[in-house]
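Worksheet for the structure shown next.
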Amino acid sequence: MEINNALGRLLICSANTNDVFMLRGLLLGSGYNVQACSSFEKLMLQMQKEAPHVLLFDDTISRENVKEICALRTKDSKLACLQLIGIVPFMNLEYECCLYKCGADSVVYKPMNGEQILNRVGAAFERSIFLEDREMSGEKTFELGKQLGDDKAVEAERKSFEELLFTLTSAFHGREISSAGHPERVAENARKLGKRIGLSEAEQLLLYKGGLLHDIGMVKVPRAILYKNGALDNSEYEIVKNHPVWGEELCRPLRSLRDVLPLVRHHHERMNGSGYPDGLKGEEISILVRIMAICEVYDALISDRPHRPGFNREDAVSSLLMQAKNDLLDKELVEAFIQMLDEIE
């Protein structure tokens with residue numbers, strides 16, 4: 001997807017004149033249409049005049065102001081595609097987590113790095129443009145469905161799904177996520193396990209799509225956390241635990257993904273209720289989500305991580321069995337998954 005940056009409206013809100021001067025020079029030089037303001041009041045007036053694609057802000061805007069702006073995205077159609085990027089002092093994880101909870105879409109760190117800023121802004125701008133296109137194509141798809149029948153409308157939405165995958169993959173590339181192959185392996189194992197236990201082709205397709213997208217919310221997790229060479233502390237883990245919710249929010253705009261959303265949101269729920277983000281328990285967790293959880297856990301175990309090498313197959317299977325015994329994973333599905341692995345091997 002090639003994007004003409006000259007059409008991109010970017011608004012900076014900061015009372016720090018040095019930061020504004022640096023950011024304006026960097027972003028104007030990259031072809032963005034850049035405006036700046038120094039207070040929340042001026043920001044609101046500017047957004048009423050012309051809605052930006054991306055808002056880049058620092059603590060000139062209070063946390064309550066951030067919530068207010070995020071609320072406007074659901075009330076004002078002109079701001080529905082606005083992407084918010086906060087400027088965060090380096091390693092201030094408490095403030096960063098707070099911004100995400102307020103509704104910010106991404107952050108950049110201070111002292112600021114030009115390459116990082118351009119990566120974040122570029123990904124945010126692509127997301128904003130995609131949402132604008134989706135709003136327009138959604139109306140066209142509805143009209144197409146009335147004129148040509150449901151099959152044609154479904155095909156149009158499938159193309160929108162492919163575009164969504166491209167956009168989110170682009171966002172991953174901008175963040176330099178290194179978990180290569182993890183979504184594809186989870187998707188394929190989930191589909192195979194669904195087929196093994198007799199699920200329909202439609203359910204197998206949901207498992208495959210869910211596997212591809214289950215971790216897409218990780219694009220919002222700071223790289224310092226993703227690549228930390230050691231155990232996460234409590235504040236870092238709380239940030240990571242937001243990724244299923246962020247993933248659901250990223251996928252929600254597309255109607256063709258409606259049935260995939262539970263897989264994205266709930267793949268870290270556990271049978272005894274100890275999972276997140278909603279603490280679902282037992283039968284509250286659908287069979288599709290239970291399958292996804294097993295496949296995700298297994299692939300995470302066998303994959304290398306910054307703080308540990310991947311498990312061998314025998315140790316990973318032992319861990320699955322222990323988690324099933326402790327009522328974290330579905331016992332019967334774990335047994336079916338292990339039998340499937342044995343047959344594949």
Side-chain angles (χ1 to χ4, degrees), residues 1 123 126-127 130 157-197 199-221 223 226-227 240 243-244 246-248 250-251 254 256-269 286-306 308-313 315-317 319-320 329 333-334 336-345:
M1 181 188 298
E126 287 186 9
R127 173 68 179 165
F130 170 77
E157 284 209 86
R158 182 182 301 173
K159 291 180 179 178
S160 293
F161 172 73
E162 292 171 353
E163 186 176 359
L164 173 66
L165 282 179
F166 177 85
T167 303
L168 298 181
T169 301
S170 176
F172 265 119
H173 179 70
R175 294 293 306 278
E176 300 177 0
I177 298 300
S178 64
S179 54
H182 173 70
E184 293 82 1
R185 292 191 298 270
V186 172
E188 186 61 23
N189 280 335
R191 183 192 64 78
K192 289 178 179 177
L193 182 54
K195 181 178 181 180
R196 181 182 180 85
I197 66 171
L199 297 185
S200 68
E201 290 188 4
E203 290 170 316
Q204 293 173 43
L205 180 59
L206 286 179
L207 286 168
Y208 190 80
K209 289 182 177 181
L212 291 177
L213 293 171
H214 74 282
D215 265 349
I216 200 63
M218 295 293 277
V219 297
K220 284 192 173 184
V221 177
R223 294 182 74 240
L226 286 177
Y227 298 113
V240 171
H243 81 269
W246 293 333
E248 182 193 33
L250 286 169
C251 297
L254 204 60
S256 60
L257 291 178
R258 193 166 296 160
D259 293 334
V260 179
L261 296 183
L263 297 173
V264 176
R265 183 181 179 95
H266 294 140
H267 65 277
H268 280 289
E269 301 290 355
S286 73
I287 190 168
L288 297 184
V289 172
R290 298 183 201 184
I291 289 172
M292 183 67 59
I294 293 168
C295 296
E296 200 278 337
V297 167
Y298 177 76
D299 197 78
L301 289 170
I302 65 172
S303 300
D304 291 335
R305 290 291 185 261
R308 63 154 177 85
F311 288 25
N312 60 38
R313 181 186 176 282
D315 289 341
V317 166
S319 180
L320 284 182
L329 301 173
L333 289 176
V334 165
F337 179 74
I338 294 172
Q339 291 171 6
M340 182 184 81
L341 292 179
D342 290 339
E343 291 178 6
I344 292 174
E345 186 166 318

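Computed from a predicted model, the values in this text were never measured in an experiment. Hydrogens, waters and symmetry mates are skipped; everything else that's a heavy atom, side chains included, is used.
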Exercise. Are any side-chain N or O atoms of E296 and backbone N or O atoms of V186, one a donor and one an acceptor, separated by less than 3.5 Å?
Worked result: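 No: the side chain of E296 does not pair with the backbone of V186.
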Problem set entry | Backbone N/O of V264 and side chain of H267: donor-acceptor pair under 3.5 Å |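 At least one qualifying donor-acceptor pair exists.
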Report the distance from atom [atom1] of [X] to atom [atom2] of [Y], rounding to the nearest 0.5 Å.
X    : Y    : atom1 : atom2 : value
M218 : H182 : CE    : NE2   : 8.5 Å
Y298 : L193 : OH    : CG    : 13.0 Å
R196 : Q339 : CZ    : CD    : 5.0 Å
C295 : E188 : SG    : CD    : 10.0 Å
L212 : R191 : CG    : CZ    : 11.5 Å

Exercise. Is the gap between the ring centers of H268 and H214 under 6.0 Å?
Worked result: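 Not close enough - the centres of the two rings lie 6.0 Å or further apart.
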Minimal non-hydrogen separation, [X] against [Y], with atom names:
X    : Y    : answer
L341 : V317 : CD1-CG2, 4.3 Å
S303 : R185 : OG-NH2, 3.3 Å
V289 : H266 : CG1-O, 3.2 Å
I216 : G247 : CG2-CA, 3.7 Å
A190 : M292 : CB-CE, 4.3 Å
A316 : L301 : O-CD1, 3.8 Å

For this session: State, yes or no, whether a side-chain contact exists between L333 and I287 at a heavy-atom distance under 4.5 Å.
Result: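 Yes, their side chains come closer than 4.5 Å.
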Exercise. Could you walk me through whether D259 and L288 pass the side chain to side chain contact (heavy atoms under 4.5 Å, CB included) check?
Worked result: CA-CA 11 Å; D259 293 334; L288 297 184; over 6 Å; no
For this session: Would you check, one step at a time, whether the test side chain to side chain contact (heavy atoms under 4.5 Å, CB included) holds for L199 with L206?
Result: CA-CA 11 Å; L199 297 185; L206 286 179; over 6 Å; no
Exercise. How would you list, by chain and number, every residue that makes a salt bridge (charged side-chain N to carboxylate O under 4.0 Å, His left out) with R313, sequence neighbours excluded?
Worked result: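 R313 satisfies salt bridge (charged side-chain N to carboxylate O under 4.0 Å, His left out) with D342, E345 only.
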